[in-house]
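Worksheet: one structure, shown below.
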Amino acid sequence: MKFFIDTADLTEIRDATAMGLIDGVTTNPSLVARTGRKYLDVVREICEIVDGPISAEVLGTDYDGMMAEAHDWAKVHKNIVVKLPLTLEGLRATKTCSKEGIATNVTLCFSVNQALLAAKAGASFISPFVGRLDDISEDGMNLIQDIVTVYQNYDFRTQVLVASVRHPIHVAKAALLGADVCTIPYKVIEQLAKHPLTDAGLAKFIEDSKKIPR
Ligand code: G3P
């Protein structure tokens, strides 16, 4: 399973890249707004740090506007993946991008039917938001299981990119379900390696190592 980092924070991206764990980056307008910087400047800098798919989201909602932004993003760097919302206009733009060879990540997916439409439109990636489903007492990982099944049933090439990840269990379940990618906030990446028994065991080893004759 590929690990993308879900942030526009360059420090987090540099730190996670240094760990050797990152295969790509996903951004969205909310994440970029937190940086206080222009979207284009942030994405250009990310492209210099991470050699993998970099999702940059369109801000328009109509087909012509989204296509204009998609063409602009595609010129920025070969690794750019254009993020489009799961609306009828967004799906129409996804279809056109697919025909033109522009990689796409269809975002804000919350149902199997939405994921089915994105795959039929030729999306490169689909982003089901599992955390936001959990937030309203649904089970986001059930959606991932259903999408993986439907995509396998019809041999769709669209990659399942688990998004809106809130904790390590989302990551583990995404891998168990066979998702292609999980996009993970920096703090969750840090949590993945932590276990109290590892810490206690290492402390004991260090303590006992002092008894070894040198
Ligand atoms: O990539 C989508 C992700 O950033 C949304 O996460 O926590 O805002 O639901 P969240």
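Whatever order the structure lists ligands and atoms in, that order sets their numbers, starting from 1.
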Donor-acceptor contacts under 3.5 Å from residues 4-17 side chains, at least two apart:
| unit_1 | atom_1 | unit_2 | atom_2 | d |
| --- | --- | --- | --- | --- |
| Asp6 | OD1 | Thr26 | OG1 | 2.6 |
| Thr7 | OG1 | Asp9 | N | 2.9 |
| Thr7 | OG1 | Glu12 | OE1 | 2.8 |
| Asp9 | OD1 | Thr11 | N | 2.8 |
| Asp9 | OD1 | Glu12 | N | 2.9 |
| Arg14 | NH2 | Glu45 | OE2 | 2.7 |
| Thr17 | OG1 | Ile13 | O | 2.6 |

Distances only, to 0.1 Å: what are the N or O pairs between ligand 1 and the protein that fall under 3.5 Å?
| unit_1 | atom_1 | unit_2 | atom_2 | d |
| --- | --- | --- | --- | --- |
| ligand 1 | 1 (O) | Asp6 | OD1 | 3.0 |
| ligand 1 | 1 (O) | Asp6 | OD2 | 3.4 |
| ligand 1 | 1 (O) | Lys83 | NZ | 3.4 |
| ligand 1 | 4 (O) | Asp6 | OD1 | 3.4 |
| ligand 1 | 4 (O) | Asp6 | OD2 | 2.6 |
| ligand 1 | 4 (O) | Asn28 | ND2 | 2.9 |
| ligand 1 | 7 (O) | Arg166 | NH1 | 2.9 |
| ligand 1 | 8 (O) | Arg132 | NH2 | 2.8 |
| ligand 1 | 9 (O) | Arg132 | NE | 2.7 |
| ligand 1 | 9 (O) | Ser164 | OG | 2.7 |
| ligand 1 | 9 (O) | Arg166 | NH1 | 3.3 |

Considering only distance and modelled atom types, tabulate donor-acceptor pairs under 3.5 Å from the side chains of residues 27-35, sequence neighbours left out.
| unit_1 | atom_1 | unit_2 | atom_2 | d |
| --- | --- | --- | --- | --- |
| Thr27 | OG1 | Tyr39 | OH | 2.7 |
| Thr27 | OG1 | Ser55 | O | 2.7 |
| Asn28 | OD1 | Ser30 | N | 2.9 |
| Asn28 | OD1 | Leu31 | N | 2.8 |
| Thr35 | OG1 | Val32 | O | 2.6 |
| Thr35 | OG1 | Arg37 | N | 3.1 |

Return the orientation label for the Tyr154 and Phe156 ring planes: parallel under 30°, perpendicular over 60°, tilted otherwise. tilted
Count the heavy atoms of every other residue, nucleotide or ligand shown that sit under 6.0 Å from CG of Leu88, and state whether that count exceeds 12. no
Determine all donor-acceptor pairs shorter than 3.5 Å in which one atom belongs to a side chain in residues 185-204; sequence neighbours excluded.
| unit_1 | atom_1 | unit_2 | atom_2 | d |
| --- | --- | --- | --- | --- |
| His195 | ND1 | Leu197 | N | 3.0 |
| Lys204 | NZ | Asp208 | OD1 | 3.1 |
| Lys204 | NZ | Asp208 | OD2 | 2.4 |

Give a yes-or-no answer on whether the side chains of Thr94 and Arg92 include a donor-acceptor pair shorter than 3.5 Å. no
